[in-house]
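Computed from a predicted model, the values in this text were never measured in an experiment. Naming convention: chains lettered A, B, ... in sequence-line order (proteins, then strands); numbering from 1 in each chain.
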There are 2 protein chains.
Amino acid sequence: MAAASISKDEIVDRLFAVFQEQGFDGASLSDVSRATGLGKSSLYHHFPDGKLQMAQAVLERATAVIDSEIAGVAKSALPLKVRIRKIVALLNQIYSGGRTQCVLGRIATSSVRSDTLDGLRVAFDLWIGAIASLAEESGMPARRAGTFAEDWVARLQGALIMQAATGDTGAFERALDALIELGEKDTG
Amino acid sequence: MAAASISKDEIVDRLFAVFQEQGFDGASLSDVSRATGLGKSSLYHHFPDGKLQMAQAVLERATAVIDSEIAGVAKSALPLKVRIRKIVALLNQIYSGGRTQCVLGRIATSSVRSDTLDGLRVAFDLWIGAIASLAEESGMPARRAGTFAEDWVARLQGALIMQAATGDTGAFERALDALIELGEKDTG
DNA sequence: GTCTATAACGGGATAGAC
DNA sequence: GTCTATCCCGTTATAGAC
């Protein structure tokens, strides 16, 4: 508990960043060690089950962020238009305008698989549910709002892939715009 | 050139499958060796620069497939509706109904990066261009057809990520349906 | 053109001192 | 709770026989 020590929250923050930037398979323990300033043994003190447990911690953090910054905002008392703009601003920041990957996607396409699949489902369902509630509020029938949300999240994930492949952030920007348009055509 | 030997084309086929299933970072030379039935030294005989060169060969193969099976079909003399259905059938087959990843996406999000980025751009641009020409034929103005195609390919890529995360192929199926709809509302 | 064998390195993970 | 030192294994890659 020494003052100079990095907190567990900060450790998970760094893990989040490393996995987001390098991917789960692409990030080595040495990378994690460098990013946190902690030796490998210290890392195993915090995460006895190693990299897999680190991924789960990152997944929990991602879920918490989605819960408070997306689902939470979506449920708040602000006008629909404002809520949507806040969420779009957050996504734009997290993904650096479309130039960094999504940590959920990186874990989903990694070799971890089955152990963390439940956590991934929870995170995506929470995200999709929040977008669906916004879509429904904007006037869509419930069923259509559900598929809209799934398709929209997929579109965002794919836009990040496209950027990685081509360097073009256009698809990402248009995806965010499409969400904003939801809020413009209604009373909120 | 012995009869029992596997051809270079077949080797690249197996490489394609391994990288598609395991990802570039996730596939080891042992995996490749097992999939091809070739020893590691034989692999280095065919690909002196190792894994990176294997990825480039796979990328070239992917580009060739897109060129003949997507761009080629899109330019053929068949009715628009038929061309689109052929392309959709191919995509459904390549991605096993949405249950396997795209090798382009896997390379794009791997640690290979800069060396192969040109090849990735070429492959995606070819794909996007083919979809754009179909969209334009269906009645969209040129500019809108271009963004439609980019967004549609992004949507498909993201749908595969979503399936990996949640097991749900709904987004993939709806993406294919959206392409089919392009062909239904026109004379072709 | 493929094999066996092995080098050289980095990966994840652990022991034990402090 | 962090460190140094180390283990074991898999990885990429190479050498040389056939």
Expected rows: protein N/O vs nucleotides 14-17 of chain D N/O, under 3.5 Å:
| residue | atom | partner | partner atom | Å |
| --- | --- | --- | --- | --- |
| D:dT14 | O4 | B:Ser41 | OG | 2.9 |
| D:dA15 | N6 | B:Ser41 | OG | 2.3 |

Looking at B:Asp168 and A:Arg121, does any basic side-chain N land under 4.0 Å from a carboxylate oxygen?
no
Atom-pair distance (CD1 on B:Ile11; P on C:dG1), nearest Å
9 Å
Specify the separation, in whole Å, of atom CZ of A:Phe24 and atom P of C:dG12.
8 Å
Whole angstrom is fine here: how far is it from NZ in A:Lys8 over to C1' in D:dT2?
14 Å
Taking only the side-chain heavy atoms of B:Ile6 (C-beta and beyond), determine which of C:dT2, C:dG12, D:dT2 contains the nearest atom.
C:dT2
Out of D:dT12, D:dT11, D:dT2, minimum distance to the side chain of B:Ser30 belongs to D:dT11
Heavy-atom closest pair (B:Ala130 atom, B:Ile70 atom, distance to 0.1 Å) is CB-CG2, 3.8 Å
Here the distance between atom P of C:dG11 and atom CE of A:Met54, to the nearest Å, is 13 Å
Below 4.0 Å: OP1/OP2 of C:dC3 and any side-chain N or O of B:His45:
no
Can B:Glu184 and B:Arg85 be counted as an ion pair, charged N to O under 4.0 angstrom?
yes
Distance in Å, A:Phe148 CZ paired with A:Arg155 CZ, rounded so as to fall on 0.5 Å steps
8.0 Å
Which heavy atom in A:Ala57 sits nearest to a heavy atom in A:Val12, and how many Å separate them?
O-CG1, 3.9 Å
Between A:Asp177 and A:Arg174, is the closest basic N to carboxylate O distance under 4.0 Å?
no
Does B:Ser42 reach a base, just sugar-phosphate, or nothing at all? Heavy atoms under 4.0 Å.
base
Roughly how many Å is it from CZ in A:Phe47 to C1' in C:dG12, rounded to a whole number?
15 Å
Among D:dT11, C:dC3, C:dA13, find the nucleotide with the atom closest to the side chain of A:Leu29.
C:dA13
Give the ring-plane orientation class for A:Phe172 versus A:Tyr95, where under 30° counts as parallel, over 60° as perpendicular and anything between as tilted.
perpendicular
Can you tell me how far P of D:dT12 sits from CG of B:Asp25, to the nearest Å?
10 Å
Rounded distance in Å - CG (B:Leu38) to P (D:dA13)
16 Å
B:Glu10 CD to C:dT2 C1': how many Å, rounded?
16 Å
